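Quick notes on the structure that follows.
Keep in mind that what you see is a predicted model, and the values were worked out from it rather than measured.
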Amino acid sequence: MSDTKVLRLVKKSEGELPEEAFTGKAVAKAEPKAVPSPITRLVPPRKPKRPRRQKRERTSEMPQLSREEMLKIFRTMYLSRRLDDKEIQMKNQNRIFFQISGAGHEAILTAAGMCLRPGYDWFYPYYRDRALCLQLGMTPLEMLLQGVGAEADPNSHGRQMPSHWGHSKLNIVSQSSPTGTQLLQAVGCAEATYRIKLVKELKRRIKNFHGDEVVYVSLGDGTTSEGEFWEALNTACNLRLPVVFVLEDNGYAISVPVEVQTAGGDASKLISGFPNLFRQKCDGTDPIESLAVMQRAVDNCRKNRGPSFVHAKVIRPYSHSLSDDEKLYRYEAERVADAERDPIKRFGALLVQEGVASADELQSLKDEVDREVNEAADAALASPQPAAETATDFVYSPKVDPTSAAFDTEDQVELSGNPGTVVDLINRCLHTEMKRDARIVVFGEDVADCSREKFINDVKGKGGVFKVTANLQREFGSQRVYNSPLAEANIVGRAIGLATRGLKPVVEIQFFDYIWPAFHQIRNELALMRWRSGNEFSSPVVIRVPVGGYLKGGAIYHSQSGVSLFTQIPGLRVVYPSNALDANGLLRTAIRCDDPVIFLEHKHLYRQAYNKSAYPGDDFMVPFGKARTVREGTDLSIITYGALVQRSVVAAREAEKQGLSVEIIDLRSLNPYDWNAITESVRKTSRVIVAHEDSVSWGYGAEIAARISTELFEYLDAPVQRVGAMDTFVGYAPQLEDAILPQSADVLKAIVELHNY
């Protein structure tokens, strides 16, 4: 008997599983036993005739596998399962602290790994994807190092729970726990390839660019209920991006069955209207069928035909995690039916049945895997956990410090030209930085001059609702300046993926009031990417956000100012200029630094005459964490930022008429902030007011006031006072708005009362 066998797939590309296998009806009865794919002997092929051109959905290419390849498939699948079992054992022994398995998903994942190129393609897996990572080259030891929380763990260096995959050498991008956030990032990663092809200079500046790389992203059936799933498909199809979406449908999102999650119980039917999307279904417990489907999916993307979507029906023989007990909600007959479709059991039986390997040979292979897993477990348990003092490592970039003297050019500034507004100097900074660095891309809602580029010379151009990005598209083209869908999570998620590939996204959220759909991506992904991966990955994105009130008509949803929700997030820089000169210098620092930045632009300050400035030059920078003394004083200090700077100046002038000398400190940067400047001012005046536009309760000033009271108590001659907005919302009527937001009169009242204390 020849030692070479060929497995041929005889099913159509759309799969021949009954429709009911993809709906909630299937849970009422056991799945029928699958008919094994036939094995035929390899014979010398005749010279093939040139085939007629066919639609790719009907292609009949079949995988041909040698005996060695089939055994490798089985080995990867079995190794994945045994690693799950070993982790379960270690968890029960209190040697690891969490476990979530990829059991039942091994076939489709091994097949996916066989079709893709580690270190060449890019990968955004989810927690069931152990077999994929093994197939790509991750070792059992590397996986178990994560389980024990070892510092040597390449996934996260002891910072994430098990099965949160990440491996920089293999291009497996750091994975997090939130469901579905990886989808938009994968789209952004693929978009990087698309953008790089359009900008010649980027081809030599971006590392690991090949031009035909594919981005793999996987998800469970429950994730199809997330809005970001639909946003990701929309952009991938619209731009025809090379993304392979793999839906691993095991029928349950923890305890919620698919028919409860999904209308009709079949996500494939719901997405059938997306254009440019190559859709296939397969039995994800059959590695040969899965391999054929994955080959077609990857080939479709490799040839730039658009995204592919693979809907793989798999099983979940174990509970969702060791924190879950599936016996509480799954009845016995259903679990028995799943066991009959176990991919390892089925494929092992097939190999023996068709003479690819004997039962003894398979047992020998299993014994070898078991030894490897046990040895890896022993090595992992002996590996030390990270030292306690490393807890703050990599919250921010260890190489680029935006608070350093390298970013401070204020003393050398030479102003020239006519004074410009905040809008003017932000716009000019964007122009000069985009000219300096081809990696910068600008996108968001309405930021382009004209999306229908053929008409760009016939219209004045939009350039943002506040005209901050005016003429950027005209100068740098639609490949670098473009509009996004009306979807804030889409903007930030894509930006994270673009930044991961080495581009520098400077994106705009049109109003601070509408940033909340993106908060998930900002808090759990953008700010955490570097720390959770142990500096293996980073996302230095700049998010420009118009913010604040005092608009006369802004009302509830165009006047919000909740900056403290962002300043409390480690890993995120937050800056807030009050004038044109600072806006120009701080934005340049934000773009050139290596951390994610929230750049807050007060709408009321955009075009004020009092905060104009001449142009400071193309390399002018203001470092983060350096406050500006707006006004010297001796009797009292005001610590403030944003729109309250000018209101404090007006109040201080009035107080001066009463013989009071008030010092004003404009923080400019809120995270980090200049504690030294605060300390010096408080020591000098012994009285301090913290003034801001946020509500007084739980506002940004509460932290500053608390720290002053704690660390500078001996220098105080009076309690720290706060001035802020009422604990309510901003109303539409001008008189109502004036009452709600802090005015100069409120600051003056606080000055007088504090002085008289």
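Nearest heavy-atom pair across F511 and V545 is C-CG1, 4.2 Å. Of all non-hydrogen atoms in G502 and I206, the two that sit nearest each other are O-CD1, 3.6 Å.
Interatomic distance, CG of L430 versus CG of L587, reported as 5.0 Å (0.5 Å rounding). The distance from atom OG1 of T235 to atom CG of L183, rounded to the nearest 0.5 Å, is 11.5 Å. The line from OG of S156 to CH2 of W165 is 10.5 Å long, rounded to the nearest 0.5 Å. Expressed to the nearest 0.5 Å, how far NZ of K203 lies from CG of L198 amounts to 8.5 Å. Taking CE from M529 and CG from N524, the interatomic distance works out to 11.5 Å, rounded to the nearest 0.5 Å. Atom CD of Q479 sits about 14.5 Å away from atom NZ of K197, to the nearest 0.5 Å.
E248 places no side-chain N or O within 3.5 Å of a backbone atom of L219 that could act as its donor or acceptor partner. Although no hydrogens or angles enter the test, the distance criterion places a donor-acceptor pair under 3.5 Å between the side chain of Q510 and the main chain of E445. Although no hydrogens or angles enter the test, the distance criterion places no donor-acceptor pair under 3.5 Å between the side chain of K504 and the main chain of A499. One N or O on the side chain of N155 and one on the backbone of G166 form a donor-acceptor pair closer than 3.5 Å. For S404 (side chain) and D401 (main-chain N/O), a donor-acceptor pair under 3.5 Å exists by modelled atom type. Distance alone, capped at 3.5 Å, is enough to place a donor-acceptor pair between the T469 side chain and the V447 backbone. No donor-acceptor pair under 3.5 Å is formed between the side chain of W531 and the backbone N or O of P570. Under the 3.5 Å distance criterion, the side-chain polar atoms of N171 are left unmatched by any main-chain donor or acceptor of W122. When atom types are taken as modelled, the side chain of E508 and the backbone of G444 share no donor-acceptor pair closer than 3.5 angstrom. Panel note: side chain S669, backbone P672; a donor-acceptor pair is recorded below 3.5 Å.
Side chains of R532 and S174: a donor on one and an acceptor on the other come within 3.5 Å. Between the side chains of S176 and H164, no donor N or O sits under 3.5 Å from an acceptor N or O. At a cut-off of 3.5 Å, with distance as the only test, no side-chain donor of R81 or S101 sits close to an acceptor on the other residue. In this model, no donor atom of one side chain and acceptor atom of the other lie less than 3.5 Å apart for N671 and T567.
Listed by first and then second residue, the salt bridge (Lys or Arg N to Asp or Glu O under 4.0 Å) pairs that reach into residues 140-155 come to none, sequence neighbours excluded. Within the structure, the salt bridge (Lys or Arg N to Asp or Glu O under 4.0 Å) test picks out the following pairs touching residues 124-139 (sequence neighbours left out): D84-R130, E87-R130. Pairs engaging residues 181-190 under the side chain to side chain donor-acceptor pair (under 3.5 Å) rule: T181-E525, Q185-Q521, Q185-E525 [sequence neighbours left out].
A salt bridge is defined here as a Lys NZ or Arg NE, NH1 or NH2 lying under 4.0 Å from an Asp or Glu carboxylate O, and D619 with R592 meets this definition. In this structure, R628 pairs ionically with D582, as a charged nitrogen and a carboxylate oxygen lie closer than 4.0 Å. Taking 4.0 Å as the cut-off between side-chain N and carboxylate O, R668 and D666 do not count as a salt-bridged pair.
By the ring-ring contact (aromatic ring centres under 6.0 Å, His included) test, Y576 pairs with Y641, sequence neighbours left out. Qualifying side-chain contact (heavy atoms from CB on, under 4.5 Å) partners for E711, counting only residues two or more places apart in sequence or in other chains: W675, R707. By the salt bridge (Lys or Arg N to Asp or Glu O under 4.0 Å) test, K626 is found to be paired with D408, E410, residues two or more places apart in sequence or in another chain being considered. Not counting sequence neighbours, the partners of S308 by the side chain to side chain donor-acceptor pair (under 3.5 Å) test are N300. For E191, the salt bridge (Lys or Arg N to Asp or Glu O under 4.0 Å) test picks out R195, R494, with sequence neighbours left out. With sequence neighbours left out, R588 forms a side chain to side chain donor-acceptor pair (under 3.5 Å) with T432, E433, N584, Y615. Residues satisfying the salt bridge (Lys or Arg N to Asp or Glu O under 4.0 Å) test with R117, not counting sequence neighbours, are D212.
Between F476 and H431, the ring planes lie tilted relative to each other; the angle falls in the 30° to 60° range. The aromatic rings of F566 and F512 stand perpendicular to each other, their planes meeting at an angle above 60°, with 30° marking the opposite boundary.
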After noting the C-alpha distance and the side-chain angles of R75 and T110, does the key distance pass the side-chain contact (heavy atoms from CB on, under 4.5 Å) rule? CA-CA 10 Å; R75 191 183 196 283; T110 301; over 6 Å; no

Residue pair Q135, T76: steps toward the side-chain hydrogen bond (donor to acceptor under 3.5 Å, both in side chains) verdict: CA-CA 7 Å; Q135 183 63 39; T76 299; 3.2 Å; yes

Would you tabulate the side-chain donor-acceptor contacts of residues 534-542 under 3.5 Å, counting partners in other chains and residues two or more places apart, or write 'none'?
{"from": "N535", "atom 1": "OD1", "to": "R530", "atom 2": "NH1", "distance (Å)": "2.8"}
{"from": "E536", "atom 1": "OE1", "to": "S168", "atom 2": "OG", "distance (Å)": "2.8"}
{"from": "E536", "atom 1": "OE2", "to": "H157", "atom 2": "NE2", "distance (Å)": "2.9"}

Please table the atom pairs, donor to acceptor, closer than 3.5 Å between any side-chain atom in residues 377-389 and protein atoms at least two apart or in another chain.
{"from": "Q385", "atom 1": "NE2", "to": "V148", "atom 2": "O", "distance (Å)": "3.2"}

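Using a 4.5 Å cut-off on side-chain heavy atoms (C-beta onward), F624 and Y396 make no contact. Side-chain contact between F443 and I491 is present, with heavy atoms from C-beta onward closer than 4.5 Å. Counting only heavy atoms from C-beta outward, the side chains of I509 and V507 never approach each other to under 4.5 Å.
Few gaps surround CZ on R205; more than 12 heavy atoms of other groups in view lie less than 6.0 Å from it.
Ring to ring, H210 and Y120 are close: their centroids are under 6.0 angstrom apart.
The residue from D595, L670, T589 that alone fulfils the side-chain contact (heavy atoms from CB on, under 4.5 Å) condition with R573 is D595.
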